[in-house]
Amino acid sequence: MNKSQLRRHLRRLRNELSPDQRRSASLGLLQTAIREGLFLKYRRIGFYLPFEGEMDLLPLLNHALWQGKICYLPVVPQRFEKKLSFTRLTDRASWYRNRYGIHEHWSPRPARARQLDLLFMPLVGFDEEGYRLGMGGGFYDTSLAYLGRRRTWRKPYLIGIGYECQKVRQVPRDPWDMPLDAALTERRLYRFPKVK
Ligand SMILES: Nc1nc2c(c(=O)[nH]1)N(C=O)[C@@H](CNc1ccc(C(=O)N[C@@H](CCC(=O)O)C(=O)O)cc1)CN2
Ligand SMILES: Nc1ncnc2c1ncn2[C@@H]1O[C@H](COP(=O)(O)OP(=O)(O)OP(=O)(O)O)[C@@H](O)[C@H]1O
């Protein structure tokens with residue numbers, strides 16, 4: 001299967017989960033994150049607002065806010081530009097929908113990926129070596145491309161968020177794909193070895 005076939009297959013699979021399965025997975029996700037101590041080390045954390053059956057990480061976001069973490073959401077760039085920016089959640093956010101219908105909020109000084117300590121990334125699929133299949137926009141890969149040229153001082157730590165059923169044997173790879181450091185599901189945290 002190529003990327004777009006696999007994407008279609010996994011999106012369909014994800015859409016078949018029942019509301020009950022989604023709710024319990026989302027709570028399982030939070031428990032796994034706490035058990036693994038994910039919130040201890042990192043201060044600036046990038047989240048996403050779930051759409052189209054994506055794993056709901058709002059309990060995670062809620063917990064992080066309660067812990068006093070600085071939380072960000074991605075902003076899709078103007079057409080012909082590819083890099084995401086990240087706006088800090090505050091209680092005075094003014095919201096709108098981006099061209100995909102996902103809520104975003106405006107901020108005068110958005111951050112870039114490199115300013116975050118931890119980034120939770122939405123995904124359609126992932127494999128055991130940390131390769132990630134996204135929605136096909138190339139936004140995350142483009143925003144994180146600088147990591148490919150770095151050996152030390154790698155930031156942010158990249159964690160893909162998804163359901164256990166989104167794990168596949170191998171995601172097709174392209175030269176620009178930026179592997180994850182870890183993937184978090186309702187069941188466990190997979191950490192992927194650094195050397196690739
Ligand atoms: N929750 C969430 N937020 C996110 C992402 C994401 O995957 N999930 N993104 C991750 O990159 C960025 C948005 N990227 C997206 C890329 C494609 C489509 C999408 O629905 N594509 C249509 C084709 C539509 C078109 O091009 O007109 C499709 O696949 O049906 C949505 C979001 C930033 N924010
Ligand atoms: N570092 C990069 N520089 C330029 N173009 C890139 C880069 N990374 C990805 N792209 C472009 O983005 C497009 C989508 O790539 P791909 O199908 O791997 O997306 P994805 O990983 O599923 O999506 P996303 O990163 O948004 O979650 C590709 O056609 C590719 O040309």
Side-chain angles (χ1 to χ4, degrees), residues 1-15 17 22 25-26 29 45-62 64 71-89 93 95-107 110-116 118-127 129-150 154 156 158-163 166-168 170-185 192 196:
M1 268 198 253
N2 63 27
K3 275 191 175 176
S4 70
Q5 291 164 328
L6 185 61
R7 198 174 278 126
R8 218 171 313 135
H9 168 71
L10 289 173
R11 281 171 78 175
R12 193 171 312 138
L13 209 64
R14 190 171 68 180
N15 276 326
L17 295 170
R22 288 176 196 286
S26 163
L29 189 83
I45 308 178
F47 290 82
Y48 62 85
L49 290 183
F51 87 120
E52 205 219 60
E54 284 174 341
M55 173 67 96
D56 177 4
L57 48 34
L58 296 184
L60 238 62
L61 173 57
N62 204 26
C71 301
Y72 296 81
L73 292 174
V75 173
V76 171
Q78 301 296 314
R79 287 191 195 274
F80 311 118
E81 228 205 294
K82 276 283 200 165
K83 280 188 192 154
L84 296 169
S85 48
F86 294 85
T87 47
R88 182 178 169 175
L89 264 177
W95 297 90
Y96 59 91
R97 281 170 193 265
N98 65 24
R99 71 179 107 119
Y100 302 109
I102 308 170
H103 279 99
E104 294 179 350
H105 67 281
W106 186 84
S107 146
R112 287 297 189 186
R114 67 186 73 213
Q115 292 167 275
L116 306 179
L118 170 62
L119 178 57
F120 290 125
M121 298 162 71
L123 52 75
V124 177
F126 70 100
D127 69 24
E129 289 181 90
Y131 280 82
R132 163 181 174 276
L133 181 69
M135 288 296 283
F139 293 117
Y140 280 97
D141 285 330
T142 310
S143 310
L144 297 167
Y146 68 93
L147 286 172
R149 303 184 292 269
R150 283 228 169 132
R154 290 172 62 87
L158 305 178
I159 303 187
I161 300 282
Y163 294 99
Q166 290 172 266
K167 180 159 153 289
V168 298
Q170 191 168 76
V171 169
R173 295 172 188 187
D174 286 307
W176 56 77
D177 285 329
M178 193 46 60
L180 299 165
D181 294 308
L184 182 68
T185 71
F192 307 116
K196 293 263 147 60

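Counting begins at 1 with the first residue of the sequence. Indexing begins at 1, ligand by ligand and atom by atom, following the structure's order.
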Salt-bridge test for [X] and [Y]: reply yes if a basic N is under 4.0 Å from a carboxylate O, no otherwise.
{"X": "Arg11", "Y": "Glu54", "result": "no"}
{"X": "Lys3", "Y": "Asp174", "result": "yes"}
{"X": "Lys83", "Y": "Asp141", "result": "no"}
{"X": "Glu104", "Y": "Arg97", "result": "no"}

Does any N or O in the side chain of [X] come within less than 3.5 Å of the main-chain N or O of [Y], such that one atom is a donor and the other an acceptor?
{"X": "Ser26", "Y": "Arg22", "value": "no"}
{"X": "His103", "Y": "Asn98", "value": "no"}
{"X": "Arg132", "Y": "Pro122", "value": "yes"}
{"X": "Arg154", "Y": "Leu147", "value": "yes"}
{"X": "Asp127", "Y": "Val171", "value": "yes"}

For atom 29 (O) of ligand 1, the option (of Met55, Arg11, Met135) bearing the nearest heavy atom: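 When every heavy atom of Met55, Arg11, Met135 is considered, Arg11 comes closest to atom 29 (O) of ligand 1.
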
Option with minimal heavy-atom separation from atom 5 (C) of ligand 1, where the choices are Pro50, Pro122, Ser4, Gly134: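 Shortest heavy-atom distance from atom 5 (C) of ligand 1: Pro122.
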
List ligand 1 atoms under 4.0 Å from [X], heavy atoms only on the residue side.
{"X": "Ile102", "result": "2 (C), 3 (N), 4 (C)"}
{"X": "Tyr140", "result": "9 (N), 10 (C), 11 (O)"}
{"X": "Phe51", "result": "1 (N), 2 (C), 8 (N), 31 (C), 32 (C)"}
{"X": "Val76", "result": "13 (C), 33 (C)"}
{"X": "Leu49", "result": "1 (N), 2 (C)"}
{"X": "Tyr48", "result": "1 (N)"}

Shortest non-hydrogen contact from Leu84 toward Val76: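 For Leu84 and Val76, the tightest heavy-atom pair comes out as CD2-CA, 4.1 Å.
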
Ligand 1 versus Arg99: contacting region, heavy-atom distance under 4.0 Å: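 Neither; nothing of Arg99 gets under 4.0 Å from ligand 1.
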
Can you report which non-hydrogen protein atom sits closest to [atom], along with the distance?
{"atom": "atom 2 (C) of ligand 1", "result": "Glu54 OE1, 3.4 Å"}
{"atom": "atom 25 (C) of ligand 1", "result": "Tyr100 CE2, 4.3 Å"}
{"atom": "atom 12 (C) of ligand 1", "result": "Phe139 CD1, 4.0 Å"}
{"atom": "atom 34 (N) of ligand 1", "result": "Pro74 CG, 3.9 Å"}

Atom pair OH (Tyr146) and CZ (Arg112), whose distance is rounded to the nearest 0.5 Å: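 Between Tyr146 OH and Arg112 CZ, I get 11.0 Å after rounding to 0.5 Å.
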
Under-4.0 Å protein heavy-atom contact, atom 27 (O) of ligand 1: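 So atom 27 (O) of ligand 1 lacks protein heavy-atom neighbours under 4.0 Å.
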
Atom 22 (C) of ligand 1 protein-contacted (non-hydrogen atom, under 4.0 angstrom):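 Under 4.0 Å from atom 22 (C) of ligand 1, zero protein heavy atoms found.
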
Leu89 side chain near His105 side chain, heavy-atom distance below 4.5 Å: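 Yes. Closest side-chain heavy atoms under 4.5 Å.
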
Sub-4.5 Å side-chain heavy-atom contact between Leu158 and Leu118: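 Not in contact.
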
Contact table, ligand 2 N/O with protein N/O, distance under 3.5 Å:
residue  : atom   : partner : partner atom : Å
ligand 2 : 15 (O) : Trp176  : NE1          : 3.4
ligand 2 : 17 (O) : Arg7    : NH2          : 3.2
ligand 2 : 18 (O) : Lys3    : NZ           : 2.8
ligand 2 : 18 (O) : Trp176  : NE1          : 3.0
ligand 2 : 18 (O) : Asp177  : OD1          : 3.4
ligand 2 : 21 (O) : Asp141  : OD2          : 3.0
ligand 2 : 22 (O) : Arg7    : NH2          : 2.9
ligand 2 : 22 (O) : Gly134  : N            : 2.8
ligand 2 : 22 (O) : Gly134  : O            : 3.1
ligand 2 : 22 (O) : Gly136  : N            : 3.1
ligand 2 : 23 (O) : Gly136  : N            : 3.2
ligand 2 : 23 (O) : Gly138  : N            : 3.2
ligand 2 : 25 (O) : Tyr140  : N            : 3.3
ligand 2 : 25 (O) : Asp141  : N            : 3.3
ligand 2 : 26 (O) : Gly138  : N            : 2.9
ligand 2 : 26 (O) : Phe139  : N            : 2.9
ligand 2 : 27 (O) : Arg132  : NH1          : 2.9
ligand 2 : 27 (O) : Arg132  : NH2          : 2.7

